[in-house]
Structures are given as structure tokens and as C-alpha cells.
Amino acid sequence: MCGIVGYVGPKPAASLLVEGLKRLEYRGYDSAGLAITSDKGIKIGKSVGRVSVLENLVKTTGGFDGFCGVAHTRWATHGEPSEPNAHPHSGLTKSGHTIALVHNGIIENYIPLRKYLADRGHVFESETDTEVLAKLVAEVYNGDLEKAVQTALREVRGGYAIAVICDNEPHTIVAARKGSPLIVGIADSAYVVASDASAIIAHTTQVITLDDYQVVRLCAGAEDKKGDGGPWAVDFRTTTIDNVSVAREVTELEFDLEQIELGGYEHFMLKEIMEQPEAIRNCLRGRIDHREGRVVLGGLSAITRDLIRAHRFIITAQGTAYHAGLIGEYLLEDLAKVPARCEYASEFRYRNPIIEEGTVAIAVSQSGETADTLAALTEAKERGAIALGVVNSVGSTISRETDAGVYLHVGPEIGVASTKAFVGQVAVLTLISLYLGKRRFLSDEVVKAYLRQLETLPDLVSRVLEQSDHIRKCVEDCIDRDNWLFLGRGYNYPVAIEGALKLKEISYIHAEGMPAAEMKHGPIALIDKGMPVVFVATRGSQYDKVISNIEEVRARGGRTLVVATEGDEDIHKYADAVFTVPDIAEPLQPMLTVIPLQILAYHAAVLRGHDVDKPRNLAKSVTVE
Ligand code: M6R
């Protein structure tokens, strides 16, 4: 979703801000803008479309000189994508100074605030909620930007991450957050503030994160803070919106620049698909004790007893993470023999859920910032559940809100279409299920056998990846078809719906996924000659039943693309195209069977000429409801 970058330091800010915005492009946006302060005042530039348009505007217009500024990529919520609606928004103080502000989140009470400010003479240029906040800061500004931001934030309801500048304090950025991520990078003689670590990593790995309702004031400049020659000085301080000082710990960012660069691949999605063997290795590293045949999860050790005694697990997530959570539901019931349900976080939070004693809520999230998932977790916690996180992004809001958790450790995921995070989520949910299973009902031998197979996964995934060209050729044959079905049963039912989601989000082809048996209850009416139907039909308990479903599709002229087990020669009788995966125990199959579907979606999008890493209307991290 929207992205924020701010810079204050010894270098010209504009080009650094544009570079930072480029690093945030993957998050999804429709317009961009920046504001720079200098002794000539604040200069704002905005554009609709790509950051490159803004970059061009900055170069051709000139005047964006200065060493302090804020920038933004906007994903429209209030008002269409347009220059007036793009950030930064500005306000004029009573003393004639300009405030410029960028914002992620939603100001819920913006309507009464807008009226209040209009009555005081502020003239609005946009339809956004954000402009209200810029004008509110200006309204209460009395020569101290930090105080003005604190005062304004005490009046707003909703969620925000903001970065604010004022031409009266040209070496200062004030930033704050509530419910939306914000990180401050501490570089040599400079500060970089951003909504996402990828915009910071080129400058520094030293960061502080803010908690909700916290404000940070970042100053870097000549010691008199006016830039007229004193020695260079940097200082920051953190407070609450009630101006109580708070100490923040400086931590080290976990990833490096290489991980967020393309490294020779055409797209991040392809890179992330291809690096899945390594991602799984990293995820499993140190978590399997061979000698004792047990799972080691340090993040759960403090509450292991409560987890063993738990009566019920609720898994909550959205999108791809929800599909991983569905597999987690199967895993927990199958391996740990504990009742488990996976629910859309957005539904769970509003349906007055009953949380009995001994309930564990697991939030599954790549970003750790998904608004609905966070809210569902908070709801479950308030009702007495133990809160666990299965999260990729270290230090993210969800990871900080949980009682315990297990990180994915699959490295940063830049591609909007989630791939390696899905496999990491399923791997972690498998580990958790075995961790509990061993302490509940599973025999040592069974656990050991699963662990041995888990360790072979990276190599098995590599074997599936080798079929990329073959999959592309098969996709070429049906790339003109606008409706696809994805079907699977048992552990491979969530894989089928994940395959459908992957295809629709990047290729814009309409695709539906469902349990294979459900097809007969309606969707079979869709099948006509040549309609692509993707089946996951690996060897397992429901193999014969899936074969019957394939025959039903073929009888109606459908074109069947089948994910099958290596060595299954019979499958060719039923399939127009076959993608194979190595044989593995059924609970571990999703981590293999999903791979051909990711590759299929990728090639379909490329063949249709779409920008795989910047799919229309999509954001990497959905930080608003
Ligand atoms: O960051 P999260 O895992 O919480 O994100 C959840 C979904 O928004 C995300 O998985 C989304 O569905 C992806 N675009 C799927 O590829």
C-alpha cells in the first residue's frame, strides 16, 4: 500500500527520496510525490503513475534543492488517483509557514475535522483525509513542529504513519505512528524514515521502530539548526503524543541490499519462486534436532506447556497467508490432534467470536502488518486467547503484539504475489504441528520420519523448478482462455485455491479454486470445450477420487493440466499436460504441489504482457481494512 520515505542529512534530499520511493514501488501505488525544505521554503512535486514520472518532474522543473524532505507513494482510498489527491499535503500556519505531510493509514474522523478547519479559513485542495491532518498540524503550529504534531494527533481517530516537515525548521522531520508501520534508520550524519525497511537498507542497518502513539523528532544539520555554518549535529528524540519521553532501542536490520535486488532475474516474483529451496533451508535451519528427532522452536519454549494443553487453535490470516493457514488447520488436526479452524481475519474480528479458555490464536502474515490480521489477533487476545505469530517480517507490528511466535526466515519478499512466504508459512505450521504432535500423540518414529522428509524438501523443490520451461509451453496452449478452474482435495484443496489466486492477481485471468468434489455442485456448468482445469492429483488418500473428477471434466471437453506424482504413468491417460512433483508424505505435499502453480501463474502473466511485480490495483501489504 502507500509508502513513506523521509530524509534529513548532509546530502541533497530529492534524489535520495526518489530512490527510496523506487524501492517501495513493489508495495503498489497509483501516484507519488515529495516535498523538500530549504531556505527558500517548501517545494512540493506530485505526479500520477510511476515514480519515474515524478523523477522526471523533479529533474525538469528544478528547485527541489535542500537537505530535508518527505516523499510518498499513494494507493487511493479517499479520492481518485490524481495530483491534488497525491501526497504530500500541505497547510499554512498562522505565522505564514508551510507544513508538508505524508501519511499512510486512514483518519476516520476527517469529516468533522475538515469542517472545523474550513471554518477557520483553511482551503482544501483534495478529497483526502490526509489533507485534514496537514492543515490541523498547521492550525496548532506555534513555532515547534514536534509539539504541533503531538497536539494534532491527540485529536485524530484512525490509523497513521506520518512524516512531517516545516519550512520554519528546515533540518527537522517529525514522524509518528499508530497502527501503520514506520521505521527510522540511523545513518552517518543523517536519518532516513520509512514505512518499509527496503527504503532504508541502502543507507544503514541501524534502526529504531516506533510503537503506537509514539512520535520521533529527527534533526540533522548545522548545530544552530538553521544551516548557516555551525558544526554538523544530529539528534533524535522519541516521545508519546502526550509528550512523555520514551527510550527506543537501536536494532540491526536482518536483511541486506542484495536480497531486495533482482540479481539477474527479470522479476522479483520469478527470483522468489526460484530461491525457494534456499528459503526453505533457511526456514528449517536450527529447527530440526536430528539426534533426538525433535523440532526446536525457541520462540515457543516459554509457552510450550500452554500450547500442549490448548483445547483449540484458531488460525487467522488473509489472502495467500489464509491459504497457508488452511493447510495449518489440516496439519494441526492431523499431526497434533487438536481442533483447529482457519478463518479470514476480516470476518473473525467482526463476528463476536467465542473464545473458550485454552484457545490459541495464530496470526499468519508475511508482512506482519496486514490490518485485518492484526485486528483479529488483538480481538482474540482481548478475549483471552494466547496469541502466536507466524510472520516473516522481523519486528513487524503483529510479531510485536503476540505472546510468542515463529519467524519464517525466508528473507524479504518483494513480489506482490506471495510465493516463498507461502511455502515458509506452511513449513512453519508443519514444524509447530510436529512440535505439538510429539508432545501429544505422535510416536518418536513418526516424527523422525516426517523430519527426515522435511529436510529433503529443498532438493525436491529444485526438481520441480526445473520444469519451468515445460510449464510455460503448456500455458502457451491455453493463454487465450479467460476462465480457469483449480481443483484439489484434502491438503491440496488450499493449494488449488492458492493456485487460482496466483493466476488472477498477476495475469487478470478469472480463476476459481475449490475442493474438487465441490465442482459437481455447480461449477461443472462452466466447463466447455478447451476450458483449462488445473488439478492437483498427487498420490495419496484421495487420489482415486480426484481421478474421477478429472474424468468428469474431460467428458465435458475441458482441458486438464495435472500436478501429479513423479512416476505416475497412468496419469497421462487423463491429462492434457502433466507437471510432476517428487513423492512425499501427504501432509508435506503442499510445499511441492504449489510450486508448479506459482510457475504457471508467472508465465501466464508474462505471456499476457503484464508487469508481474506491479499488478494493477494490488498492494503488497494491505494496511487498511
Ligand atoms: O502480509 P500478509 O501475509 O499478511 O498478506 C496477506 C495478503 O494480503 C497477501 O497474502 C496477498 O493475498 C498476496 N497478494 C497474495 O499473493
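When a ligand or atom number is given, it counts from 1 through the structure's own listing order. The structure presented is a predicted model; accordingly, all values stated were derived computationally and were not measured. Side chains are part of it too, since the values below use all heavy atoms of this structure and drop only hydrogens, waters and symmetry mates.
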Salt bridge (Lys or Arg N to Asp or Glu O under 4.0 Å) partners for E512, two or more places apart: none
Which residues satisfy the salt bridge (Lys or Arg N to Asp or Glu O under 4.0 Å) test with R248, sequence neighbours excluded?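 Here the qualifying residues are D211.
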Provide, to 0.1 Å, the distance between [atom] and the closest protein heavy atom, together with that atom's residue and name.
atom: atom 16 (O) of ligand 1; result: E505 OE2, 2.5 Å
atom: atom 7 (C) of ligand 1; result: Q318 O, 3.5 Å
atom: atom 1 (O) of ligand 1; result: S367 OG, 2.6 Å
atom: atom 8 (O) of ligand 1; result: V622 CG2, 4.1 Å
atom: atom 11 (C) of ligand 1; result: T320 N, 4.1 Å

Is it the side chain (CB and beyond), the backbone, both or neither of K502 that lies under 4.0 Å from ligand 1, heavy atoms counted?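 Only the side chain of K502 comes within reach of ligand 1.
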Heavy-atom contacts under 4.0 Å between E369 and ligand 1: side chain, backbone, both, or neither?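 Near ligand 1, E369 shows nothing, with every heavy atom at 4.0 Å or more.
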Counting from 1, what ligand 1 atoms have a heavy atom of [X] closer than 4.0 Å?
X: Q366; value: 1 (O), 2 (P), 3 (O), 4 (O)
X: T370; value: 1 (O), 2 (P), 4 (O), 5 (O), 6 (C)
X: A417; value: 16 (O)
X: A321; value: 3 (O), 10 (O)

Geometric class of the Y407/H409 ring pair [parallel <30°, tilted 30-60°, perpendicular >60°]: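 If you compare the ring of H409 with that of Y407, the planes turn out tilted.
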Classify the angle between the aromatic ring planes of Y330 and Y491 as parallel (below 30°), tilted (30 to 60°) or perpendicular (above 60°).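 Answer is tilted, since the angle falls between 30° and 60°.
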Any S621 heavy atom less than 4.0 Å to ligand 1: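 S621 does not count as a contact of ligand 1 under the 4.0 Å cut-off.
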Against the six-membered ring of Y508, is R616 placed for a cation-pi contact (under 6.0 Å from the centre, within 45° of the normal)? yes
Using a strict cut-off of less than 4.0 Å between a Lys/Arg side-chain nitrogen and an Asp/Glu carboxylate oxygen, indicate whether R50 and D611 qualify as a salt bridge. yes
Answer yes or no: does atom CD of E252 have more than 12 heavy-atom neighbours from other residues, nucleotides or ligands under 6.0 Å?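 Atom CD in E252 is crowded, with more than 12 foreign heavy atoms closer than 6.0 Å.
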Are the ring centres of Y29 and H72 closer than 6.0 Å? no
Determine whether the aromatic ring centres of residues H323 and F422 are separated by less than 6.0 angstrom.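 No, ring centres 6.0 Å or more apart.
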Do any nitrogen or oxygen atoms of V416 come within less than 3.5 Å of a nitrogen or oxygen of ligand 1?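 Yes; the residue has a nitrogen or oxygen that sits under 3.5 Å from a nitrogen or oxygen of the ligand.
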Would you say S418 and ligand 1 have an N/O pair spaced under 3.5 Å apart? yes
